[in-house]
Protein chains: 2
Amino acid sequence: MNKTLEAEVTQLHAEICAGLADPNRILILYALSQGPRNVTELCTELEMPQPLVSRHLKVLRERGMVTTERRGTVVTYSLGDDRLIQALDLLRAVMHDNLAKRAELAQAIL
Amino acid sequence: MNKTLEAEVTQLHAEICAGLADPNRILILYALSQGPRNVTELCTELEMPQPLVSRHLKVLRERGMVTTERRGTVVTYSLGDDRLIQALDLLRAVMHDNLAKRAELAQAIL
DNA sequence: GAACTATATGCGGATAAACGAATGTTATTG
DNA sequence: CAATAACATTCGTTTATCCGCATATAGTTC
């Protein structure tokens, strides 16, 4: 694997990570992990304006993180890969441990 | 869990994800997964200028994703949590599957 | 094809991220 | 207290991201 190619792969890797790096997209992905949803359903479920949901879905779509199916005017989105949720869960656990450690430190100072 | 608190937690979750969302930081994290490294070692190993490495390490440090230990003037960085690599590996696998699917589609078109 | 519903996109502004280049800081050593 | 080595930070610029608001497109129904 030459350097340029490896850099491109790492770039793509980072783009998938960037797909997770927004609170609203995290909420959308967890909602989709419960099952397919159309845009309107996501809007009401997450209390987000429709253009905002659509744009975040576009980001996820471009990265292959969700899939779509159209039925009439309704577009139903599905989670593209369960491992996205597995990864999010791992990172959430890391975050919780970090919070716990910070709390310990704060305790030690007092 | 009230709405505001949940939003804050999701925000932190997204910040961890954002910590992964840069090619240079991904390279740094994988390097650290092989064992602790000091800044100079990371610079030579990854062929990155030192200020760049330091700034990325700062991002990771602020999010609790790496830990540091100072010995004289040398600061050694360690991976803060193995699950970061587990998550990166999962996402890398997702990316590879996406690439494979795209290749299939391209094939189907021809 | 007009009206309607569902979804997508464009625009503009605000905020944040990334980088190279230069400079600061900290700790060691003579 | 130089001089040096190892890191960290600041500055200025460029580029990207996020959002609200408005508007466009696609598909259905009459």
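Predicted model only: the values in this text are computed from it and were never measured. Below, chains carry the letters A, B, ... as their sequence lines are ordered, and counting in each starts from 1.
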Of the candidates dG20(C), dT28(C), dA6(C), the side chain of T40(A) sits closest to dA6(C)
Y77(A) side chain N/O closer than 4.0 Å to the phosphate oxygens (OP1, OP2) of dA8(C)? yes
Checking dC7(D), dT17(D), dA6(D) against the side chain of R63(A) (C-beta onward), the nearest is dT17(D)
Assign each of P51(B) and R55(B) the nucleotide of DNA chain C bearing its closest heavy atom; nearer the 5' end lies the nucleotide of R55(B)
Between CG of N24(A) and C1' of dC18(D) the distance, given in whole Å, is 9 Å
Against the side chain of L52(A), the closest entry in dA8(D), dC19(D), dG20(C) is dC19(D)
Using a cut-off of strictly less than 4.0 Å, decide whether N38(B) has a side-chain nitrogen or oxygen near OP1 or OP2 of dC7(D). yes
Can you say whether a donor on the side chain of Q50(B) sits under 3.5 Å from an acceptor on the base of dA8(D), or the other way round? yes
Tell me whether the side-chain N/O atoms of T73(A) come closer than 4.0 Å to OP1 or OP2 in dG27(D). no
Is it the case that H56(A) and R25(A) place a side-chain donor and acceptor less than 3.5 Å from each other? yes
From the candidates dG20(D), dG20(C), dT7(C), the one with an atom nearest any side-chain atom of V39(A) is dT7(C)
Regarding the side chain of S54(A), the nearest nucleotide among dT9(C), dC18(D), dA8(D) is dT9(C)
On a heavy-atom basis, the closest approach of N98(A) and R63(B) is ND2-O, 3.0 Å
Smallest heavy-atom separation, Q11(B) atom then P23(A) atom, equals OE1-CG, 3.6 Å
Verify whether one side chain among Q50(A) and S54(A) offers a donor that lies under 3.5 Å from an acceptor in the other. yes
Closest of dT7(C), dA27(C), dA18(C) to the H56(B) side chain is dA18(C)
What nucleic acid atoms does R71(A) come within less than 4.0 Å of, heavy atoms only: base, sugar-phosphate, or nothing? nothing
